[in-house]
Structure formats: C-alpha cells, structure tokens
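Taking it in order: structure first as structure tokens, then the write-up.
Just the heavy atoms: all of them, side chains too, but no hydrogens, waters or symmetry mates, feed the values below. Per chain, numbering begins at 1; letters A, B, ... match sequence-line order. Remember, predicted model here, so these are calculated numbers, not experimental data.
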2 protein chains.
Amino acid sequence: MSTIAKAMELLDFFSLDRPEIGLSDFHRLARRDKATTFRHLSALESAGLLEQNPTTRAYRIGPAVLRLAHMREVTLPRRAGLRVALPRLAEATGETAHASLLDATGLTTLAHHEAPQYSARVVLHEPRLPLHATASGIAALAFGGGDLMARALAAMPAYTETTARSPEELAAAVARARAAGIAMSDQTFETGVTGFAAPLFDSSSIAGAVAVAAVSSRVTPELQTIILTELIKAARTISANWGGTIPPALAAAWAAQAGPETAP
Amino acid sequence: MSTIAKAMELLDFFSLDRPEIGLSDFHRLARRDKATTFRHLSALESAGLLEQNPTTRAYRIGPAVLRLAHMREVTLPRRAGLRVALPRLAEATGETAHASLLDATGLTTLAHHEAPQYSARVVLHEPRLPLHATASGIAALAFGGGDLMARALAAMPAYTETTARSPEELAAAVARARAAGIAMSDQTFETGVTGFAAPLFDSSSIAGAVAVAAVSSRVTPELQTIILTELIKAARTISANWGGTIPPALAAAWAAQAGPETAP
DNA sequence: TGTATTGGTTCATTATATAAACCTATGGTT
DNA sequence: AACCATAGGTTTATATAATGAACCAATACA
C-alpha cells in the first residue's frame, strides 16, 4: 500500500462525534507507529488538509478542505440539490434520510438528515458505505456498471446475520432492486436498521443513491408504502437537480411501485 | 520533501478556471514524471479526494472532500459566518471582497465575492496568500504570533515593483497596520490591485483576515474611507460569528480609524 | 496512411518511509 | 515533593516503497 494512501486513511477517522484527534489517539486508532503517524499528520497539515487546535494540539480538518469543497460545489453542484429534498424526505417518513455519492471506488456519504419526530432514530456515522451490505449499495449495483459488481464481490464482510454472504445471494438482491426500482436491506449492515434506497443520476450516468434508514421495529406495511413513495419523489427531485435523466426501465418500475398518482 | 506532500501539492493546481485536469496536463503543470504523477493521482483518487470524469478521464475534486468539509463546517463553522458579511462588503465598496483562514502554515482563501457594479473588477485565483505581499498577510502578521513573522521572512519572493524586499520594509508595513488596525498594500502582489485587510478572530486567537481587493485606478480618498469603514464593520461581524473578541488595542485603533459613528 | 497525443504500465535503481528507543513537558496521585 | 502515566515530538539504522526512462495501446488529426 502506498504511503500516500496510508496517510489519507487517517482522514477517515474523523467523524461528527470525533472531530478532533490527538497524536496518541491517532497512533492507537490507526495501529501505526507513532513516529510514522506523526509524519503523516504533519504532511497532511502542511497541505492544509489538517490543522492543529492551537490549545489542545489535537488535529482537525483543515481550511484547504473548505476551499476544495467550495470549488467542486461551484463547478459540479451536488449539495445544493439536496438542501430541500433530504429534510423533506426525513420529515415525511419520520426516519433518517441520507444521500451518498458514487465514484469508481464506492459510495461516500454526502449528507444526512434525521427526522425530529421520534427520539429513537437511526444515527449514521459511516463515511463509506459497503456496496454489498447496504440498500444504497444494492441500488448502485442494480443501476451502475458491471465493474462495480466486481468491486463489491472483492470484499464481502458479514456485518450481521442477514448480510449477503455469497455472490448468488448478492446477485438476487440486486435483481430484486432492479425490478422494483428500489433497493431494500433488512438489517444487513446494522441490526435494527432497515434500509430503502433509490439510485441518483447526473448528466452522464448513475451518480449516487438516496436512502431512508428506518428503525426496523417501526417498519409496518403502511410506513413502507410511505417510504417508497417519498423515496421515489426525492430521487426524482435530486436527479433533476443534478441534471440527470431517469432511465426508462427505472421510470416504469417507479410508476408501478408507487401507483399512478406519483407518476411523472 | 515527503511523498505525501508531493501528492497533495497536486490539489493546488485546481481552481475555478481549471476544475478538471488530465494526466498529461498534471504531468506538465507539476513538472513531475508521468508515472509518478499517475500514481499520486491514483492514490488521491482511491481516498476519494479526487475522482475521474467518466467521459474525459480528467481528474477533479472528489466526493470525500465534501464530506470532510461538511464535518468541519458543522463542528467549527466558518463559511456560515461569511454568508451575509462578504457580499455586503463587496456591494458597499463596489470591489471584490474575500476572506481567508490562517493556520500554522499561512493563509488559505476561504471565499470571495465580486461586486456586480463594475465590469472591471479584481478576480482572485490564488488559493494561498503570501504573508509578506498581501494586505491580508500583513494584517495576520500584525496581530498574529511571532512565529508567523519568522515564516514570512523565510521566503519573500518579489511579485511586483512594490513588494517588500527586506525584513525592515516588511516590519514597517506590519507596524503601520498594527497602529491603524487595517493593513494596506499598494500593488505589492499584483499590479493594478490595491488591497485593504482587517484581521479576524475566533474564540482562541487570530483566525484569518477579511479583505477588499480594489482596482487601483479607482481608489480615491472617498472610496478609501468607505472601504475602511465597511471593512471594519465586516471584520466585527465575522469575528462575532466566529465567537471571537477584538483585542482592546485593535478596537481602539478601529474606533479612531472609522470615526465615532461606527464605534461599537 | 502517418504522426502526435492521450492515459496508463513495467522494472531496475535509488531515495524515502519505517519503527524502536529516546526526549521533554504536563497533569494527576500518593 | 517525589512518583507515575501520558502527552506530543525526535532520532537513527534498517527495510520498504518511490522513482523515471522506456514502452504500450488507443484515440484524434491531417
């Protein structure tokens, strides 16, 4: 593994719950030598990707990231297209809504929004979503290129009892999602969490997924109907904002899924 | 220089004018071997910091950057504090306003806003601002720690005829800024651009600078008065948004500068 | 058809990354 | 006050990973 990749893995240890990490914590979290960790952190800092809290000396995301994100958002807007749709999806379903971006290597969480209705809700903390074990991943596989499937098959850790274990099992889930226009996952990533996801498109192809992560015990047939309807609405809105068009086969599946009243 | 730092330097070649860069262009821009450049780009891509445009194969800023920026902005808001103040500063002065963040290594441009009034306006494209040659840099030196000055003296390229060349010249400019509460730079970085800057503070210390980059030929004493007044207003607002307090000496300088009607 | 350019790959050579041990400062305990 | 644990950071021989010239395949232009 390249030194560069090792250094940049350190960035993935940050989360909303852990926005600042000291040298010793990093050294333990990454299970790497302290001197090595220190030099990696220093290199990231000198590029502005990290900075040190002047009082605690702990490391946190640096200002260069803001500049880069601003640049991407101006030239290739994504977040802006979620601003309305995601909170609306969360409120309409009463569950946690989130959107992720697909690149050549997999899905990256882009934004999430928790519904305020219930105190029991799904809180997300994974920056990268495994393709084989999440509804978003299945949705991406169902409507993405074949190379994605190869990547998914390369590593299939079993997170729960119901995580797909074999290529056949995964292929079946993907086929179901392709037919329904929506991917579902029953506690395949985290126990107690049921996922529903729809693919998102930009001007060239599939670009990500929008999903609802619901508390499993709350999922009744009625709620499921609401979630599917709202998810399709959200996916249509976001894809439109991203300059994408829904493939005809998917549009037909959605029309059948949600009933004629929500057809385009 | 570390491999990590070399790889991350590649990120600085992106700008709003050049949001996508192909392998060959990168190899020329960075003056590095093509194979090396390729491996660096691939490593950045595997971390999600870059992605490839699926049609042109050119590299652009990746989705991970959005996630990191979101995380920083939630835990340590900065952009939000500029959203109102910066456009207002640009409109009130008729010139380009910008804000930058200070870290241990220097100033990073955070956001800028061009005034719509005139077609002749200053367009900024530098991601990093040199401390010794910009108004923002002088403001940072005037109100930042002594280690900053050491860093500024380490490298002092002469961008124009009027760029400070000697430590004494720089120290004089910094002293003027400290006394006035505002830094000024007459075409020290780019010919035809006059800069005015005020320091910004967060809860712990100096955190950046807000500046007006004016077309030199338009700078009359009247405009200069407007710029100084508005700049102080903007600096007060932004620092307040960032949870900062203005040091007494600076508050006094500002009160004297802008006249009693704008005193806090 | 020929030529220039693109993105990407190979492999011997060489430079850089690594990790154990060490240093210094600080905060909390006895 | 002495003690211990932990923090951030540094040193140096050793080992691993980075480098770049040459090469390949594909596309674009003329």
Quick check on [N]: is either OP1 or OP2 less than 4.0 Å from any side-chain nitrogen or oxygen of [X]?
X        : N       : answer
Tyr59(A) : dA7(D)  : no
Lys6(B)  : dA18(D) : no
Thr36(B) : dG20(D) : yes
Arg57(B) : dG8(C)  : yes
Ser2(A)  : dA17(D) : no
Gln52(A) : dA7(D)  : no
Ser24(B) : dT5(C)  : no

Counting only N and O atoms by type, is there a donor-acceptor contact under 3.5 Å from the side chain of [X] to the main-chain atoms of [Y]?
X         : Y         : value
Thr134(B) : Gly137(B) : yes
Ser46(A)  : Ala43(A)  : yes
Ser203(B) : Gly244(B) : no

Distance-only polar pair, side chains of Thr55(A) and Asn53(A), donor-acceptor under 3.5 Å: yes
How would you label the contact of [X] with the nucleic acid (heavy atoms, under 4.0 Å): base, sugar-phosphate, or nothing?
X        : result
Arg28(B) : sugar-phosphate
Phe26(A) : nothing
His40(A) : sugar-phosphate

Side chain Lys34(A) and base dG9(D) donor-acceptor under 3.5 Å: yes
In whole Å, I'd like the distance from the [atom1] atom of [X] to the [atom2] atom of [N].
X        : N       : atom1 : atom2 : result
Leu41(B) : dT9(C)  : CG    : P     : 12 Å
Asp25(A) : dG8(D)  : CG    : P     : 7 Å
Phe38(B) : dG8(C)  : CZ    : P     : 5 Å
Leu23(A) : dT10(D) : CG    : P     : 10 Å
Asp33(A) : dC22(C) : CG    : P     : 14 Å
Arg39(B) : dT16(C) : CZ    : C1'   : 12 Å
Arg31(B) : dG20(D) : CZ    : C1'   : 17 Å
Ile4(A)  : dA17(C) : CD1   : P     : 9 Å

Closest-nucleotide ordering on DNA chain D, the 5'-leading residue of Ala35(B) and Thr3(A): Thr3(A)
Closest non-hydrogen atom pair, Thr163(A) against Ala133(A):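 It is CG2-CB, 4.0 Å.
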